[in-house]
Asks: 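Here it is, the structure, as structure tokens.
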There are 2 protein chains.
Amino acid sequence: MAKAAIIDIPEARAFILHWGEMGSQWGVNRSVSQVHALLYLSKEPMHAEDICETLGLARSNVSTALKELQSYGIVSRTHLIGDRRDHFEAELDLWDMLMKIVIERKKREIDPTIQTLSDLTDQLAARDDVPEHVRERIGRMHQFLGTLGGWYDDVRRLPRPTLVALMKMGGKVARFIPVRSQSGGTKH
Amino acid sequence: MAKAAIIDIPEARAFILHWGEMGSQWGVNRSVSQVHALLYLSKEPMHAEDICETLGLARSNVSTALKELQSYGIVSRTHLIGDRRDHFEAELDLWDMLMKIVIERKKREIDPTIQTLSDLTDQLAARDDVPEHVRERIGRMHQFLGTLGGWYDDVRRLPRPTLVALMKMGGKVARFIPVRSQSGGTKH
DNA sequence: TTGTCCTTTCGGTAAAAACGGAAATATGAG
DNA sequence: CTCATATTTCCGTTTTTACCGAAAGGACAA
């Protein structure tokens with residue numbers, strides 16, 4: 001009897017399918033997310049052919065998906081002795097995984113947007129026939145995204161245990177913020 | 001001479017176009033993001049017909065887009081005296097805007113995923129023919145998303161100035177986390 | 001109530017994205 | 001070097017999604 005494949009477990013199949021759906025909601029190719037989900041569940045690194053058969057996808061498709069996942073840094077290549085084929089395994093630490101996804105999407109989509117807004121802000125500053133509120137709103141968006149991006153660049157460097165501790169605190173971190181006139185400061 | 005429309009400002013047009021592109025990268029319909037960008041730049045609330053002409057979109061398309069933006073809570077209807085038509089304006093507070101977008105996407109995509117993972121975890125617990133690592137990894141993902149979701153539900157209730165202050169602190173919030181054995185604690 | 005104006009829904013079409021298969025390229029063993 | 005095997009690129013097909021126009025569905029004034 002052949003070793004039971006992951007895909008034969010209904011719950012695993014459901015997981016992979018759902019992950020694919022969710023990915024596509026976030027602008028990620030369905031095949032890419034499915035391959036990711038499969039590798040996340042796989043105990044051993046898998047080679048491309050194996051992934052194809054398991055998910056019923058074309059080889060080319062899997063190849064592209066793997067490249068994409070590697071560019072995110074959440075899947076890596078390994079080699080098994082006596083086997084020429086590339087094998088692939090997923091990042092198993094979910095914190096690291098999330099951080100890598102966020103950093104990559106920031107790099108791809110947010111940073112260029114900030115750059116564009118920066119340019120537009122400059123161009124608008126050099127004009128005098130533009131309604132003030134337009135200049136102001138684009139400028140504000142620029143500043144906002146810049147702040148957000150800077151914040152992420154900052155906190156992602158924190159050691160993981162610190163990050164976990166911060167998250168577990170939730171809203172309680174607010175205790176440490178100097179109170180001006182808002183509620184939610186020190187309660188007693 | 002007619003009042004110069006926003007769309008005649010090249011920088012505004014670039015902003016709207018870019019916003020549309022970025023939206024589509026995140027799984028948001030391009031028309032939806034464009035309408036949002038336009039309303040964000042508009043000083044006055046606009047009615048649907050006006051939006052159509054400005055962006056060159058069909059009436060039906062704009063109607064759908066407005067509905068979507070309202071469901072996110074980042075665009076609202078208003079009425080002008082002496083005008084039966086609905087008028088629309090965008091949320092101008094970018095913090096509020098972001099919070100609303102995130103809460104809505106969480107509701108639509110993350111929460112159902114957590115639910116699914118919860119179900120799968122239960123089902124897996126009732127089986128004894130499933131590799132341990134599969135059970136464990138799905139369970140871990142469930143827990144991870146739950147923690148993340150809980151954290152967001154928590155911090156989003158903080159007063160806005162507190163949130164802004166926290167963000168401005170960036171990684172410095174880590175000062176307040178009890179140090180175990182990691183770097184990044186109190187530096188001096 | 002009736003007509004006008006405004007909005008939404010619906011069905012078909014057009015555009016875009018995903019996908020598969022074949023061909024091309026690369027890698028490594030002998 | 002040559003062959004066998006693994007991987008990627010390219011291009012045509014399929015599937016999905018976005019979009020428009022027409023028709024239906026309200027709301028309000030007269």
Asks: Roughly how many Å is it from NZ in A:Lys67 to P in C:dA18, rounded to a whole number?
Replies: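 The answer, rounded to whole Å, is 15 Å.
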
Asks: Salt bridge check, A:Arg108 against A:Glu104: does any charged N sit closer than 4.0 Å to a carboxylate O?
Replies: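 A salt bridge links A:Glu104 with A:Arg108.
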
Asks: Is A:Lys106 salt-bridged to A:Asp153, going by a charged N under 4.0 Å from an acidic O?
Replies: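 Here A:Lys106 pairs with A:Asp153 in a salt bridge, since their nearest N and O are under 4.0 Å apart.
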
Asks: Measure from NZ or CZ of A:Arg105 to the centre of the six-membered ring of A:Trp26, then state whether that distance is under 6.0 Å and the direction lies within 45° of the axis.
Replies: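 No.
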
Asks: Distances under 3.5 Å between protein N/O atoms and the N/O atoms of nucleotides 21-23 of chain C, please, pair by pair.
Replies:
from   : atom 1 : to      : atom 2 : distance (Å)
C:dG21 : N7     : A:Ser60 : OG     : 3.4
C:dG21 : O6     : A:Ser60 : OG     : 2.8

Asks: Would you indicate what A:Arg84 reaches in the nucleic acid, counting non-hydrogen atoms under 4.0 angstrom: base, sugar-phosphate, or nothing?
Replies: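 Base contact.
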
Asks: List for me each residue that meets side chain to side chain donor-acceptor pair (under 3.5 Å) alongside B:Gln25, sequence neighbours excluded, and say none if there are none.
Replies: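 For B:Gln25, no residue satisfies side chain to side chain donor-acceptor pair (under 3.5 Å) once neighbours in sequence are set aside.
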
Asks: Each nucleotide N or O in nucleotides 11-17 of chain C that has a protein N or O under 3.5 Å away: list the pair and distance.
Replies:
none

Asks: If I take atom NE2 in residue B:His79 and atom P in nucleotide C:dC5, what distance separates them, rounded to the nearest angstrom?
Replies: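 Between P of C:dC5 and NE2 of B:His79: 17 Å.
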
Asks: Rounded off to whole Å, could you give me the NE2-to-P distance for the A:His47 and D:dT5 pair?
Replies: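 Going from NE2 in A:His47 over to P in D:dT5 covers 14 Å.
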
Asks: Using whole Å, report how far CD of B:Gln25 lies from P of D:dA18.
Replies: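 Whole-Å distance recorded here is 14 Å.
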
Asks: Quick check: on DNA chain D, is the nucleotide nearest A:Glu49 upstream (toward 5') of the one nearest B:Val62, or the reverse? Name the residue that is more 5'.
Replies: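 In this pair, the answer is A:Glu49.
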
Asks: Can you measure A:Ile51 atom CD1 to D:dA6 atom C1' for me and round it to whole angstrom units?
Replies: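 About 14 Å, once rounded to whole Å.
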
Asks: If you check every side-chain atom of B:Asp86, which of C:dT7, D:dC19, D:dT9 has the closest atom?
Replies: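 It is C:dT7.
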
Asks: Cation over ring, B:Arg157 on B:Tyr152, under 6.0 Å and within 45°?
Replies: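 Geometry flag: not set, cation outside 6.0 Å or 45°.
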
Asks: Just how far, in rounded Å, is C1' of D:dT8 from CG of A:Leu57?
Replies: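 The answer, rounded to whole Å, is 16 Å.
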
Asks: Does a donor on one side chain sit under 3.5 Å from an acceptor on the other, for A:Asp119 and A:Gln115?
Replies: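 Result is yes, a qualifying pair exists.
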
Asks: With no hydrogens and no angle check, just 3.5 Å: does a side-chain donor-acceptor pair link B:Asp86 and B:His79?
Replies: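 Checked: B:Asp86/B:His79 side chains pair up, N/O donor to acceptor below 3.5 Å.
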
Asks: Is A:Asp93 salt-bridged to A:Arg160, going by a charged N under 4.0 Å from an acidic O?
Replies: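 A salt bridge links A:Asp93 with A:Arg160.
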
Asks: With a 3.5 Å cut-off and no angle check, do the side chains of A:Gln34 and A:Trp19 form a donor-acceptor pair?
Replies: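 No, A:Trp19 and A:Gln34 have no side-chain donor paired with an acceptor closer than 3.5 Å.
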
Asks: Measure the distance from CG on B:Leu55 to P on D:dC20 and round it to the nearest whole Å.
Replies: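 B:Leu55 atom CG is separated from D:dC20 atom P by 10 Å.
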
Asks: For A:Gly56, which contact category applies under a 4.0 Å heavy-atom criterion: base, sugar-phosphate, or nothing?
Replies: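 Sugar-phosphate contact only - A:Gly56 comes under 4.0 Å of backbone atoms but never of a base.
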
Asks: Establish, with yes or no, whether the OP1 or OP2 oxygen of D:dA18 is under 4.0 angstrom from a side-chain nitrogen or oxygen of B:Ser31.
Replies: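 For D:dA18, OP1/OP2 do not have a side-chain N/O of B:Ser31 under 4.0 Å.
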
Asks: Using atom CE of A:Met46 as one end and atom C1' of D:dT7 as the other, report the distance to the nearest whole Å.
Replies: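 From A:Met46 CE to D:dT7 C1': 17 Å.
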
